[in-house]
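Worksheet: the structure to be examined is printed underneath.
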Amino acid sequence: MKNAEVAKVFQDIADLLELKGENPFKIRAYQRAVFSLEHLPQEVEELVGEGRLREVPGVGEAIAKKITELVTTGRLKYYEELKAEFPPGISALLEVPGIGPKTAMRLGKELDIKSLDELEAAIAEGKVASLPRLGEKTAENIRRHIQALRRKDRRIPIGEAMLAVDEIMAGLRGVPGLKNLTPAGSLRRFRETIGDIDLMGTADSAPGAIKAFVGLPQVREVLASGTTKASVVVAGGLQVDFRIMEHDSFGSLLQYFTGSKQHNINLRDRAHRMGLKLSEYGITDLKTGELEKFTTEAAFYRRQGLEFIPPEIREGQQEIARAEAGTVPELVELADIKGDLHVHTDWSDGRDSLEAMAQAAKARGYHYLGISDHSAGRGIAHGLDGERLRRQIQSIRELNQKIKDIHIFCGTEVDIRADGSLDMPEELLGELDFVIAAVHSGMNQSQARMTERIIKAMESPHVDILAHPTCRLLPAREPVAVDMEAVFRAAVGTGTALEINAMPSRLDLKDTHVYRARELGVRLIINTDAHSSGHLGFMRFGIGVARRGWCRAEDILNTVSRAELAAYFKH
DNA sequence: GCCGTTTTCGGCCCGACTGTTTTCAGTCG
């Protein structure tokens, strides 16, 4: 049973306990366990087998027993019995923003509502508005949220969110007295998808800044607007929360709204034991009641005896313990990257010429660039056969003579066929500086076949890099079925570098894979898969993924010098 | 239900906004 399936069951239990009006701390205990399961860098089945469940944070005696029962028998008696207590479908109501456990239970009990369709009908008949303590406005809000829920997925890829936030920030640039405008939340932590955008700032006059924000031309609907914060929906249905504070509290404000929720809970719990209370306003001494303010996050952490913790690893795992010990790793940065090794040109399906790509890479300060156009099997991408590839190699040699301060490596992105063989003859592969292998077809194979196929390709002496290992596309295509643990172990054996594909619609490997691969000693490389010179800028998304996987510069292959890279390709 | 620099029992993060109230419950992040 997969971690995600196990997590889903315990999330359901937490929801049902909430509907039941159980002790909120018990509910939180289940939610903590769900969070841990979702972020486990290993299969929960393995932990059960090794009897190591109790090492997982938030898993104690009772939950460990339930996980074991679920994983070994495929069922959980406690869960079945709990479900039987409620009308079916009622937990679906909790998905609607604005409906919490209390409201959901009342809708179920008093109006016999079991689905979103029934709820919509009840609103239309005026039944919801007539319930005590609800009313017209509440009913209308619920109706709107149901419609929004139907319209689109709740989360959007980080690439899109980044564009939207850039636009909004540009619109607020002229507001007088507004400073420190920064996106926080999951965007700042570089999660691969974003639910809503959190924007922070400080201002001489908070109400003035709020007024400017809700008046932006992008704003389609104002959900809430108070004296220090506002929530709006912009074009595309994306929700943006805006929070303003006085200048001298920016450190605590940014820290609080960057999250994650679990990181903040852990941090506040720890502070509480030190006799301190944390909030977006600063740190209050519980004895004296005195509030201390912080203009920077670093100072805010320092006051608690902690090293600065980069946003990307604030996920409630080991980061606070590491900050306490002063051993937070120095994470890889964009400036560490010396080149991009997965790049297409107009020789195959890219938009720009060889020289244009080389110039763009040089302008980014790269020391080297790897050209990797498709192999002939990618007919649709105008892949290169032997003759055209040899001509391209010649062109790259000539370009290297001409262009200064950057070196171009000749490579290819060769297809891995369904049987694991490569779509290019051995001797041709041998003429190249490096070889990237990738799956582009036959993606519905069984996990066993796909795993065997990929590992066979990695075992080829010519293959240096495995590109986008799971082939997923955000938000459309699910990853292929493949045993990643086996791929990681094979990669360590063959010395193949696994790609962190930085294209926002891929981000493949993803953060949790990167975390595990790094632990096992896999060599990783961040590439953009650029199909035009502008795409080279996707590198920052790949850096985000690598940082979320706790990677330092030395874990990433394309931070090394040109000479070291050439040596790596030869070995 | 979990967990330990106050603890094996008794705590468990903190504040803002809305709607329907008339002092607050519910929800959200």
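Just the heavy atoms: all of them, side chains too, but no hydrogens, waters or symmetry mates, feed the values below. Residue numbers begin at 1 in each chain, while the letters A, B, ... track the order of the sequences.
- When the P atom of dG26(B) is taken as reference, atom CG of L131(A) falls 14 Å away, rounded to whole Å.
- For the pair R32(A) and Y30(A), the cation does not sit on the ring face, since its NZ or CZ is not both under 6.0 Å from the ring centre and inside 45° of the axis.
- Listed by chain and number, the residues in a salt bridge (charged side-chain N to carboxylate O under 4.0 Å, His left out) with E136(A) amount to none (sequence neighbours excluded).
- For the OP1/OP2 pair of dC13(B) and a distance below 4.0 Å, the side-chain nitrogens and oxygens of Y281(A) include no atom meeting the criterion.
- In this structure, R189(A) contributes its side chain and R548(A) its backbone to no donor-acceptor pair below 3.5 Å.
- Judged by distance alone, with hydrogens and angles left aside, D196(A) brings no side-chain donor or acceptor close enough to the base of dG29(B) to form a pair under 3.5 Å.
- Residue K229(A) places no side-chain N or O under 4.0 Å from the OP1 or OP2 atom of dG15(B).
- Here Q31(A) lies out of heavy-atom contact (under 4.0 Å) with every strand.
- Separating the CG atom of L291(A) from the C1' atom of dG15(B) is a distance of 13 Å, rounded to the nearest angstrom.
- Counted by atom type alone, D508(A) and H513(A) present zero donor-acceptor pairs between their side chains at under 3.5 Å.
- For Y256(A) against dG29(B), a side-chain N or O and a base N or O form a donor-acceptor pair under 3.5 Å.
- Across all strands, T103(A) comes closer than 4.0 Å only to sugar-phosphate atoms, never to a base (heavy-atom distances).
- Taking 4.0 angstrom as the limit, H272(A) places a side-chain polar atom (N or O) nearer than this to OP1 or OP2 of dC14(B).
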